[in-house]
Amino acid sequence: MMKFFAENTEQLNLLAGTTVILPVVTIGNVGQLAIDLVMHSCGFKKLGALESDAVVPVVGRDAFSTSSPDFTTSLEVFFLASASLTVVQQRSPVVKVSVASHMITDKSQRADRYSRPGYFKTP
């Protein structure tokens, strides 16, 4: 389950219809660093943070200011109204145990799930 903690709930209605950018956690964090550069250069505003069991929990200094009392977490949401852009910045990897907990390993359970009425099958 994922929870959202908004810094200002009045701005949440602005997110409807925006383009969402979600960089992927990769070797060297190139995606996150590139998005950090764009967000800092363009003046994105932080809307809040997401909390999920699916990512490693992380807390650190503000990513954009060494003198700020704010902190950075695993999943943060930023917004740029002038470009109608929303960024979900993921700063830690997905937890492999969480992914495995959603998988069905028993073949009989798998057959039951996929043979239910209404389950979409591709040819």
Side-chain angles (χ1 to χ4, degrees):
M1 180 172 194
M2 189 175 291
K3 297 178 187 174
F4 181 70
F5 298 94
E7 291 192 3
N8 182 353
T9 56
E10 295 172 5
Q11 294 181 335
L12 294 181
N13 60 348
L14 300 173
L15 296 177
T18 63
T19 300
V20 177
I21 300 171
L22 178 63
V24 178
V25 176
T26 60
I27 296 172
N29 299 331
V30 175
Q32 295 109 310
L33 292 171
I35 289 297
D36 276 345
L37 179 62
V38 169
M39 288 190 311
H40 184 68
S41 300
C42 295
F44 277 75
K45 301 296 179 201
K46 184 176 176 181
L47 287 184
L50 293 164
E51 181 184 281
S52 172
D53 293 338
V55 295
V56 176
V58 171
V59 175
R61 292 181 84 156
D62 186 328
F64 305 111
S65 173
T66 57
S67 61
S68 172
D70 294 336
F71 55 90
T72 296
T73 61
S74 303
L75 292 166
E76 297 177 308
V77 179
F78 296 87
F79 178 66
L80 182 62
S82 62
S84 192
L85 289 173
T86 301
V87 171
V88 178
Q89 183 64 298
Q90 181 180 342
R91 300 187 187 280
S92 66
V94 173
V95 177
K96 292 179 183 178
V97 174
S98 179
V99 173
S101 70
H102 297 292
M103 296 176 66
I104 298 174
T105 54
D106 183 7
K107 289 181 183 179
S108 63
Q109 288 179 344
R110 221 177 298 159
D112 288 345
R113 173 182 271 186
Y114 300 132
S115 62
R116 291 189 315 237
Y119 181 81
F120 181 76
K121 295 180 182 177
T122 57

Hey, can you pull the donor-acceptor pairs under 3.5 Å for the side chains in residues 30-37, sequence neighbours left out?
| from | atom 1 | to | atom 2 | distance (Å) |
| --- | --- | --- | --- | --- |
| Q32 | NE2 | Q90 | O | 3.2 |
| D36 | OD1 | Q89 | NE2 | 2.9 |
| D36 | OD1 | R91 | NH1 | 3.4 |
| D36 | OD1 | R91 | NH2 | 3.1 |
| D36 | OD2 | R91 | NH1 | 3.0 |

*Only one of V88, V87, L15 passes side-chain contact (heavy atoms from CB on, under 4.5 Å) with L47; say which it is.*
L15
_To the closest 0.5 Å, what do you measure between OG (S82) and CZ (F44)?_
8.0 Å
_Minimum heavy-atom distance between L80 and C42, given as atom pair plus value_ = CD1-O, 3.5 Å
*What distance do S92 atom OG and L75 atom CG have between them, rounded to the nearest 0.5 Å?*
6.0 Å
*Residue list, side-chain contact (heavy atoms from CB on, under 4.5 Å) with T66, at least two apart or on another chain*: R61
_Check: T19 and S84 side chains under 4.5 Å, non-hydrogen atoms_ = no
*asked:* My understanding is that a hydrophobic cluster links ILVMFWY residues whose side chain heavy atoms are under 4.5 Å apart, including indirect links. Using that, what else belongs to the cluster containing V59?
replied: F71
_Are F78 and M39 packed together at the side-chain level, in the sense that at least one heavy-atom pair is separated by less than 4.5 angstrom?_
yes
*Test side-chain contact (heavy atoms from CB on, under 4.5 Å) applied to E51 - qualifying residues, sequence neighbours left out*: K3, F5
Donor-acceptor pairs are to be reported for all side-chain atoms of residues 20-28 against protein atoms at under 3.5 Å, with residues two or more places apart or in another chain.
none

*Give the minimum heavy-atom separation between F4 and L12, together with the two atoms involved.*
CE2-CD2, 3.4 Å
_According to side-chain hydrogen bond (donor to acceptor under 3.5 Å, both in side chains), who are the partners of T18, at least two apart in sequence or on a separate chain?_
T86
